[in-house]
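Everything on this sheet refers to the single structure shown next.
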Amino acid sequence: MRDFWQEVVDLIAEDAAHRGIADNKNKFDLLKACEKLLQSKKVAIFTGFTIMPFVKCETDGPLGAIFLARALLELGKNVSIWTDDLYSSVVEKGVNSLGIRIPVYGVPFKWGGWFFQLFWKEGFDLLISIERPGRGIDGRYYSSREEDITCYVSPLDEFFIEAKRRKIPTIGIGDGGNEIGMGNIREKLLFKFPEKGKIFSIVKVDHLIIGGISNWGGYGLIAGLAKLLSNGRLLPSPAEEEFLLNVMVDSGSIDGVTLEYSLSVDGVNKAILQRKLRELRLCLGS
């Protein structure tokens with residue numbers, strides 16, 4: 001019998017960017033994450049990864065975050081997107097281009113306890129991270145090239161650490177080991193890649209989704225929701241992804257691998273990106 005959840009995690013974890021962490025995928029994490037999403041009422045999605053030396057937001061992350069936010073909005077959830085203050089206008093342009101109304105909050109690199117308390121007063125009952133820096137063992141943030149990007153990163157992972165204390169569910173999506181949530185598999189990553197140990201995040205989540213590209217992890221969540229609700233319309237089409245990618249690049253987003261303003265994500269070209277969404281649609285029979 002066809003195992004939908006295994007098929008989806010296999011698809012979204014395809015190692016198109018050659019990072020070697022796909023063997024940590026787990027279909028039960030995807031299923032449980034989707035069930036938690038259906039139970040939620042107010043969701044905060046965190047995204048945005050700084051690419052050096054240009055200090056630009058990469059194309060991986062925001063697309064998955066925006067399409068997931070749109071799906072949750074369609075399901076009647078109260079949803080918002082959180083990123084660094086420097087990238088909020090880029091993400092906001094992406095949201096507006098789809099004709100949806102979702103608040104985008106830009107957080108300064110340095111903020112005090114007042115902001116932390118203000119966030120929790122909003123009553124969020126689920127936090128999601130899609131390609132968002134998670135601190136390493138030394139408390140600093142690193143790119144996949146081992147560049148120290150701490151001075152350009154707002155410590156939004158602090159909300160996930162606090163959510164654990166408050167027993168608020170958390171979902172993390174990543175593709176390289178230096179993102180929020182990768183603390184779940186840090187020991188495995190250290191064993192496999194000891195030379196890259198300092199970049200691996202210590203921040204844990206309740207459910208970790210491994211993507212070959214982090215956007216695909218977001219699409220995997222949408223596909224899971226579509227399966228549980230028999231609503232294939234939730235998943236974006238290849239044409240919609242191409243449109244949004246164009247908007248993000250025109251607004252200043254950059255491919256994190258090639259360092260180019262191109263219609264690619266993590267060095268993966270448009271043809272492969274479109275194939276992935278078609279494959280996910282086939283899983284849903286649409």
Side-chain angles (χ1 to χ4, degrees), residues 12-19 21-22 24-25 29-30 33 43-52 55-69 81-84 86-88 90-91 94-95 104 106-107 127-136 141-145 147 149 152-157 159-160 170-185 189 199-201 203-205 207-222 236 241 244-245 248-249 251-259 264-268 273 276:
I12 64 177
E14 177 189 347
D15 197 7
H18 310 294
R19 294 200 172 99
I21 70 168
N24 293 288
K25 63 192 175 187
D29 265 326
L30 179 64
V43 181
I45 302 177
F46 298 78
T47 194
F49 209 111
T50 294
I51 299 300
M52 301 295 287
V55 193
K56 295 289 184 179
C57 183
E58 75 166 310
T59 49
D60 194 21
L63 275 79
I66 292 170
F67 281 126
L68 178 58
I81 300 177
W82 299 71
T83 188
D84 298 304
L86 190 61
Y87 310 132
S88 59
V90 175
V91 177
V95 169
V104 177
V107 184
L127 272 56
I128 306 173
S129 171
I130 302 183
E131 189 69 8
R132 180 70 207 173
R135 67 193 63 180
Y141 303 93
Y142 295 95
S143 74
S144 59
R145 297 179 179 87
E147 301 152 316
I149 58 173
Y152 299 110
V153 176
S154 179
L156 300 181
D157 56 347
F159 293 119
F160 287 77
T170 55
I171 300 169
I173 299 172
D175 59 23
N178 52 348
E179 304 94 350
I180 292 172
M182 290 298 179
N184 290 32
I185 58 170
L189 295 176
I199 79 166
F200 296 139
S201 175
V203 183
K204 296 182 178 182
V205 291
H207 305 292
L208 175 63
I209 312 298
I210 302 293
I213 293 172
S214 291
N215 287 336
W216 293 352
Y219 302 160
L221 280 176
I222 300 171
E241 183 189 42
L244 183 56
L245 183 54
M248 301 301 287
V249 171
S251 302
S253 290
I254 194 171
D255 186 309
V257 171
T258 67
L259 306 183
S264 60
V265 179
D266 280 352
V268 176
L273 298 177
K276 188 57 58 183

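Sequence positions, counted from 1, serve as the residue numbers for this chain.
- Atoms CG and CG, on L156 and L127 in that order, are 10.0 Å from each other to the nearest 0.5 Å.
- In this structure, the side chains of V55 and Y87 come closer than 4.5 Å at one or more pairs of heavy atoms.
- Closest of all the heavy-atom pairs between A17 and G212 is CB-O, 4.1 Å.
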### Message
If you apply the rule side chain to side chain contact (heavy atoms under 4.5 Å, CB included), what do you find for F160 with R132, and how did you get there?
### Response
CA-CA 11 Å; F160 287 77; R132 180 70 207 173; 6.0 Å; no

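- Of the candidates T50, N178, D157, D157 is the only one forming a side chain to side chain donor-acceptor pair (under 3.5 Å) with Y141.
- Heavy atoms only, all atoms of each residue included: A65 and I81 are closest at O-CD1, 4.1 Å.
- Within the 3.5 Å criterion, the main-chain N or O of I12 finds no donor-acceptor partner in the side chain of E14.
- Under the 4.5 Å side-chain criterion, counting only non-hydrogen atoms from C-beta, L208 is not in contact with N24.
- D60 has its side chain out of reach of V257: every pair of non-hydrogen atoms, C-beta onward, lies at least 4.5 Å apart.
- With respect to L244, the side-chain contact (heavy atoms from CB on, under 4.5 Å) criterion is satisfied by exactly one of T59, V95, L63: L63.
- Annotation: the span from I185 atom CD1 to I21 atom CD1 amounts to 5.0 Å, rounded to 0.5 Å.
- Checking side-chain atoms of T47 against main-chain N and O of I130 turns up a donor-acceptor pair under 3.5 Å.
- Closest non-hydrogen pair, P133 versus I180, comes out as O-CG1, 3.4 Å.
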### Query
Given the rule in the side chain to side chain contact (heavy atoms under 4.5 Å, CB included) test, do M182 and D175 qualify, once you have shown the distances and angles that lead to the verdict?
CA-CA 9 Å; M182 290 298 179; D175 59 23; 5.8 Å; no

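- Rounding to the nearest 0.5 Å places CG of L245 at 8.5 Å from CG of N215.
- The shortest heavy-atom contact between W216 and A16 is CH2-CB, 3.8 Å.
- The OH atom of Y219 sits 7.5 Å away from atom CG of L273, with the distance rounded to the nearest 0.5 Å.
- Side-chain contact check for E179 versus S129: every heavy-atom pair is 4.5 Å or farther apart.
- F200 approaches G176 most closely through the heavy-atom pair CE2-O, 3.9 Å.
- In this structure, D29 contributes its side chain and I209 its backbone to no donor-acceptor pair below 3.5 Å.
- Few gaps surround NZ on K25; more than 12 heavy atoms of other groups in view lie less than 6.0 Å from it.
- For the atom pair CD (E131) and CD1 (I213), the distance works out to 10.0 Å, reported to the nearest 0.5 Å.
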### M248 vs I66, side chain to side chain contact (heavy atoms under 4.5 Å, CB included): CA-CA, chis, key distance, verdict
CA-CA 11 Å; M248 301 301 287; I66 292 170; 4.3 Å; yes

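- D84 places none of its side-chain heavy atoms less than 4.5 Å from the side chain of Y152.
- Under the 4.5 Å side-chain criterion, counting only non-hydrogen atoms from C-beta, I171 is not in contact with V205.
- The two atoms that bring C57 and G48 nearest to each other are SG-CA, 3.9 Å, heavy atoms only.
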### Task
Begin with the C-alpha distance, continue with both residues' side-chain angles, and end with the deciding distance and a verdict on side chain to side chain contact (heavy atoms under 4.5 Å, CB included) for E58 and D266.
CA-CA 9 Å; E58 75 166 310; D266 280 352; 3.2 Å; yes

